[in-house]
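All chains are named by letter (A, B, ...) in the order of the sequence lines, taking the proteins before the strands, and each is independently numbered beginning at 1.
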Amino acid sequence: MIKCLLAGSSARRAIIVPSDCHIYSQLCWVEVQRRLLKTKNARGTKLGLNPTSVDSVVIGKGNEVKMKPGQQLLIVNQLFPYTVQYKEDPSGNHSGSKRPREPSEDRMMDREVPSTKGTKAAKQTEKEPVQPKNEETTRNNESFGHWSQGLKTSMQDPKMQVYKDEKVVVIKDKYPKARYHWLVLPWQSISSLRVLREEHTDLLKHMQKVADQMVQQCPHASSLRFRTGYHAIPSMSHVHLHVISQDFDSPCLKNKKHWNSFTTDYFIESHDVIQMLETNGRVTVKEGASELLKLPLRCHMCGKELTTIPALKEHLKSHFPS
DNA sequence: GTTCTAGAAC
DNA sequence: GTTCTAGAAC
C-alpha cells in the first residue's frame, strides 16, 4: 500500500495520475509550467513490501520521499507508472489526501507479468538538472514537456509498446528511417550515454539481447541486414538503442543528418558501447562527432557518393528493390 | 526530434 | 521556372 500525502496551495491541489493521462492537454504550456513552479512538493510514504520507486530510485519500506511535479512514481516492479501533476482545484479544498486510482482491468491485461524472481531494483544515481525558476526558462519551455523529452512519454504508452519486460521496453520509432526501426529503452531513467557507468553494463547487454530478439522475430530478418547502436549525440533524452534495418527505405528519411546519423561513426555499435563500459567504466564519444553529420552522402552498401537525398534514394533502390 | 521556408542550386 | 538544402522555429 502506498500512502500519499499531497501538498498544494489553497487554489491548487496535487494529484497523481497514470502517466498516459494528460490533464493539461487543454492548457498552453507556459501556463502549465507557471503553475508547476508555483506549487509545493508532494510527499509519499512507502508502507508495503513491493518495490516502488520515484524516478527509478527505490523507496525502502517505511521510508518517505518528496515528489516534485513531473516526477514518476513506479509501483510494483515498475509496472504501474504514475506522474505527479498539479491541477486547479475549483472547490479550493486541499485538506484531504488522494490515492492514485487503481489501474483499470484493460490496463492490467495489457501488461505482461514479469518474473519478480531476480528482479533487482537498480539504484539510480543520476540527478536530473534542477529547473531554474526564472521567467526566461519558463517561456523557453526547456524541461518538462519539451520535444526532447518525447521518448519518456512514448515509452509509457501501451499503444507504442511492442515488447516489454522488467528492465526494458521496445517501441517503434515514431519516424522510422527504414522498413524496420525500433528503439529499445530502459525503464530506468538514464538521460544519455554520458552518464553510463560500469554498473550499467548488464542493462546494456540486456538491451542488446532484446534488440537481437526483435531482429529474430522480424519476418524479413533473413533478407535484410540490421544494425543495433546508439547515436553519438542524440537529440532525444533517455538512452535508446536503435534497431534498424539497412534498407533505409522510408519517407521519414529526408536529409543529410538523417542519413549520416546511421551510416557514419555517428552511429556507435551497441557492442562497442558495452565494450567501452567494460574496459573504461564509461562511454566516450569522439570529439567532433557532430561534424560527421555534414559529410557528403555516401552509399553504405557500395560507397558511391550521391549529391542529393533524392538521388541517394533512387540509388538505394538498386540495392533494395521493393 | 520535426516542420517550415528562404534562398541556393540547377 | 523547379528542386533541394540548411537553418530557424517549434
Side-chain angles (χ1 to χ4, degrees), chain A residues 19-20 22 24-34 36 70 128-129 131 134-157 159-162 169-186 189-195 207 227-245 248-268 285 288-299 304-317:
Chain A
S19 293
D20 54 357
H22 303 286
Y24 287 125
S25 58
Q26 303 299 312
L27 301 170
C28 76
W29 164 249
V30 172
E31 178 62 8
V32 171
Q33 185 78 346
R34 189 182 65 78
L36 290 179
E128 291 297 326
Q131 178 71 42
N134 61 55
E135 288 299 316
E136 193 58 38
T137 316
T138 303
R139 273 201 300 276
N140 289 346
N141 174 26
E142 293 209 338
S143 59
F144 189 84
H146 190 257
W147 56 260
S148 63
Q149 308 300 308
L151 288 178
K152 297 183 203 295
T153 310
S154 296
M155 65 185 279
Q156 301 291 347
D157 181 356
K159 292 189 288 294
M160 305 283 278
Q161 299 164 346
V162 294
V169 61
V170 182
I171 59 173
K172 280 188 184 178
D173 193 296
K174 198 173 174 183
Y175 300 92
K177 304 301 186 291
R179 290 174 194 167
Y180 298 97
H181 189 181
W182 296 288
L183 303 177
V184 184
L185 305 111
S189 175
I190 302 170
S191 62
S192 71
L193 296 179
R194 195 169 38 83
V195 302
M207 288 168 69
R227 288 184 76 199
T228 55
Y230 301 84
H231 279 156
I233 310 163
S235 301
M236 305 295 280
S237 187
H238 202 107
V239 158
H240 52 284
L241 174 60
H242 291 272
V243 185
I244 185 165
S245 59
F248 296 110
D249 175 13
S250 166
C252 297
L253 196 149
K254 292 177 176 176
N255 57 46
K256 183 176 270 188
K257 183 178 174 179
H258 291 156
W259 179 255
N260 284 332
S261 71
F262 288 101
T263 60
T264 68
D265 287 344
Y266 194 88
F267 189 83
I268 310 172
V285 171
S290 59
E291 295 303 305
L292 297 170
L293 298 175
K294 298 172 186 169
L295 287 172
L297 301 169
R298 190 175 289 280
C299 175
K304 183 179 167 69
E305 195 172 307
L306 287 304
T307 52
T308 66
I309 287 288
L312 171 66
K313 291 196 161 212
E314 197 58 34
H315 172 77
L316 288 175
K317 287 181 184 173

Could you tell me how far apart [X] ([atom1]) and [N] ([atom2]) are, to the nearest whole angstrom?
X	N	atom1	atom2	answer
A/L306	C/dT3	CG	P	19 Å
A/L312	C/dC4	CG	P	12 Å
A/H231	B/dT2	NE2	C1'	15 Å
A/N255	C/dA6	CG	P	9 Å
A/K256	B/dG1	NZ	P	18 Å
A/H146	C/dC10	NE2	P	11 Å
A/K257	C/dC4	NZ	C1'	18 Å

Below 4.5 Å, heavy atoms only, C-beta onward: do A/T264 and A/W259 meet side chain to side chain?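 They are not in contact (no side-chain heavy atoms under 4.5 Å apart), so the answer is no.
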Intermediate values then yes/no, ring pair (Phe, Tyr, Trp, His ring centres under 6.0 Å), A/F262 and A/H242: CA-CA 9 Å; A/F262 288 101; A/H242 291 272; 5.1 Å; yes
Which part of the nucleic acid, if any, lies within reach of [X] when heavy atoms closer than 4.0 Å are counted: base, sugar-phosphate only, or nothing?
X	answer
A/K174	nothing
A/I309	sugar-phosphate
A/K294	nothing

Please tell me if A/H258 has a side-chain N or O lying less than 4.0 Å from either OP1 or OP2 of B/dT2.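 Yes, because at least one side-chain N or O of A/H258 sits under 4.0 Å from OP1 or OP2 of B/dT2.
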Does A/K254 make a side-chain N or O approach to OP1 or OP2 of B/dT3 shorter than 4.0 Å?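 For B/dT3, OP1 or OP2 has a side-chain N or O of A/K254 closer than 4.0 Å.
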Indicate the atoms forming the closest heavy-atom contact of A/P186 with A/V239, along with that distance.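 Residues A/P186 and A/V239, closest heavy atoms: CD-O, 3.3 Å.
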Taking the side chain of A/W147 as heavy atoms from C-beta outward, which of C/dC10, C/dT5, B/dT3 is closest to it?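 In terms of side-chain proximity for A/W147, the closest of C/dC10, C/dT5, B/dT3 is C/dC10.
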Taking the six-membered ring for Trp and the full ring for Phe, Tyr or His, determine whether the centres of A/Y230 and A/H240 are under 6.0 Å apart.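 Between A/Y230 and A/H240, the centre distance exceeds or equals 6.0 Å.
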